[in-house]
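The next block holds one structure in the form of structure tokens; read it before the comments.
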Amino acid sequence: MNSELVSKFFREDKLPHIWCPGCGHGIIMRSIAEAINNLGLDKDKVVVVSGIGCSSRAPGYMDFNTLHTTHGRALAFATGVKHANPELEVIVITGDGDASAIGGNHLIHACRRNIGITTIVFNNNIYGMTGGQYSPTTPTGDLGTTAPYGNVDPAFDIAKLAAAAGATYAARTTAYHARPMTKYIEKAIAHKGFSLVEAISVCPTYYGRKNKKGSAVAMMNFLKDSFVDVKAAEKLPAEKLVGKHIMGEFKHDETQTEYTEKYAEIIERMKGAK
């Protein structure tokens with residue numbers, strides 16, 4: 001991260017961050033800052049909201065209007081902020097457990113409403129901050145402190161879940177693919193309506209160590225080798241996609257009206273009815 005970006009968008013007195021060595025979350029946080037910088041947004045009109053978890057440390061380091069809320073409720077708080085002032089650019093930073101477990105209901109309804117919030121999911125496949133419990137995105141068969149014999153549940157596909165629930169922009173990328181990540185986050189922020197970018201991260205401390213995934217470098221190389229862009233995947237035969245994961249844009253719909261705009265229309269209509 002260059003020094004200009006740090007001085008412009010980060011609380012330097014809060015650095016260095018406390019994420020574990022090799023964690024991918026710092027890369028995702030940098031991409032968010034780069035996207036905001038590339039879009040030329042006024043930092044005083046940006047609100048970053050988080051819940052609880054490793055990912056939710058990020059707003060403490062970022063020098064915007066920031067709101068650190070309760071577990072799973074970041075989208076509920078963010079909805080209130082967006083309704084109070086629709087002119088603000090509201091960005092939610094959340095983890096895979098925070099977003100799709102305790103916060104799952106908030107997620108699907110934020111998608112359904114198409115409210116103008118950008119959600120970045122830092123997905124490291126585990127509850128890292130609280131000791132390595134399995135999450136809704138932990139792959140089937142993998143270990144966690146609450147799954148000592150292997151996780152029996154199928155994993156959520158967060159990006160496709162968001163698209164199916166009504167999000168009008170949904171994409172997936174990884175901490176290895178940092179440049180595409182920045183571009184997807186830019187598009188998500190610029191999008192009018194609910195947008196979600198699932199950013200696959202790495203947790204070498206709890207997830208990687210318990211599941212013998214190797215070093216942080218090995219885990220990053222896994223992301224490099226196993227993720228295929230959705231457009232490339234469409235051209236590959238099925239046997240070439242065995243063991244692969246799909247990244248890219250899954251939905252980009254500009255035809256739906258944003259939620260706070262619908263509210264504004266109702267207010268104007270009721271004013272005219274008096």
Side-chain angles (χ1 to χ4, degrees), residues 9 11 14 28-29 32-33 35-36 39 41-123 129 136 158-159 161-170 185-199 251 253 256-271:
F9 293 128
R11 297 176 175 129
K14 301 296 183 183
I28 305 169
M29 181 173 70
I32 295 170
I36 290 169
L39 291 168
L41 300 181
D42 180 348
K43 64 187 289 184
D44 292 328
K45 294 184 178 178
V46 174
V47 181
V48 181
V49 184
S50 71
I52 299 294
C54 294
S55 64
S56 296
R57 296 282 185 179
Y61 306 126
M62 305 183 83
D63 189 18
F64 301 100
N65 302 293
T66 56
L67 189 60
H68 188 64
T69 75
T70 50
H71 196 198
R73 313 304 178 204
L75 279 164
F77 281 87
T79 296
V81 171
K82 188 67 177 179
H83 266 301
N85 187 349
E87 298 305 312
L88 294 172
E89 198 64 62
V90 181
I91 300 170
V92 168
I93 288 175
T94 183
D96 44 299
D98 196 41
S100 63
I102 190 170
N105 209 39
H106 293 300
L107 175 63
I108 61 174
H109 291 295
C111 294
R112 176 177 67 91
R113 291 171 177 139
N114 193 37
I115 190 164
I117 294 169
T118 300
T119 298
I120 315 298
V121 181
F122 291 45
N123 181 2
M129 192 181 76
I158 291 180
L161 171 68
T168 46
Y169 182 87
I185 294 173
E186 279 182 42
K187 292 177 78 170
I189 294 171
H191 178 74
K192 204 161 192 176
F194 188 84
S195 57
L196 180 141
V197 177
E198 181 185 8
K251 192 173 183 182
D253 179 4
Q256 303 299 314
T257 305
E258 192 272 331
Y259 196 58
T260 61
E261 289 186 354
K262 291 180 181 178
Y263 257 85
E265 289 171 4
I266 292 171
I267 292 167
E268 289 305 310
R269 188 168 72 244
M270 295 311 296
K271 284 179 180 177

Counterpart residues, side chain to side chain contact (heavy atoms under 4.5 Å, CB included), relative to I266 (two or more places apart): R269, M270
Side-chain touch V197/Y169, heavy atoms, less than 4.5 angstrom: yes
Distance, nearest 0.5 Å, that separates CD1 of I28 from CD1 of I185: 7.5 Å
N65 side chain near V81 side chain, heavy-atom distance below 4.5 Å: no
Residue pairs fulfilling side chain to side chain donor-acceptor pair (under 3.5 Å) with at least one residue in residues 71-91, sequence neighbours excluded: R73-H106
Side chain to side chain contact (heavy atoms under 4.5 Å, CB included) partners for D42, two or more places apart: D44, K45
Evaluation steps, salt bridge (Lys or Arg N to Asp or Glu O under 4.0 Å), between E268 and K271: CA-CA 5 Å; E268 289 305 310; K271 284 179 180 177; 3.4 Å; yes
Closest heavy-atom pair and its distance - S195, I189: OG-N, 4.5 Å
Side-chain touch V46/M62, heavy atoms, less than 4.5 angstrom: no
Nearest atoms (heavy-atom pairs only) where V49 meets A78: CG2-CB, 4.2 Å
Side-chain touch K187/H191, heavy atoms, less than 4.5 angstrom: no
Nearest atoms (heavy-atom pairs only) where K14 meets G60: CG-O, 3.5 Å
R11 side chain to Y61 backbone, donor-acceptor under 3.5 Å: no
For the student: nearest non-hydrogen atoms of A188 and T118, plus distance: O-OG1, 3.3 Å
I158 side, atom CD1; L196 side, atom CG - distance, nearest 0.5 Å: 7.5 Å
Side-chain donor or acceptor of D98 paired with backbone N/O of G72 under 3.5 Å: yes
Inter-residue atom distance N123.CG - S100.OG, 0.5 Å rounding: 7.5 Å
Non-neighbouring partners of K192 that pass salt bridge (Lys or Arg N to Asp or Glu O under 4.0 Å), sequence neighbours left out: E261
F9 CZ to L41 CG distance, which is reported to the nearest 0.5 Å: 7.5 Å
Rounded distance [0.5 Å steps], OG1 in T168 versus CG in N114: 3.5 Å
By side chain to side chain contact (heavy atoms under 4.5 Å, CB included) - contacts of C111 (at least two apart): L107, A162, A165, A167, F194
Minimum heavy-atom distance between A74 and V92, given as atom pair plus value: CB-CG1, 3.9 Å
Reported CD1-to-CD distance for the pair I117 and E258, which is rounded to 0.5 angstrom: 8.5 Å
N/O donor-acceptor pair under 3.5 Å between D96 side chain and P136 backbone: no
Pairwise side-chain contact, I91 with I36, heavy-atom cut-off 4.5 Å (strictly under): yes
Residue list, side chain to side chain contact (heavy atoms under 4.5 Å, CB included) with H68, at least two apart or on another chain: S50, I52, S56
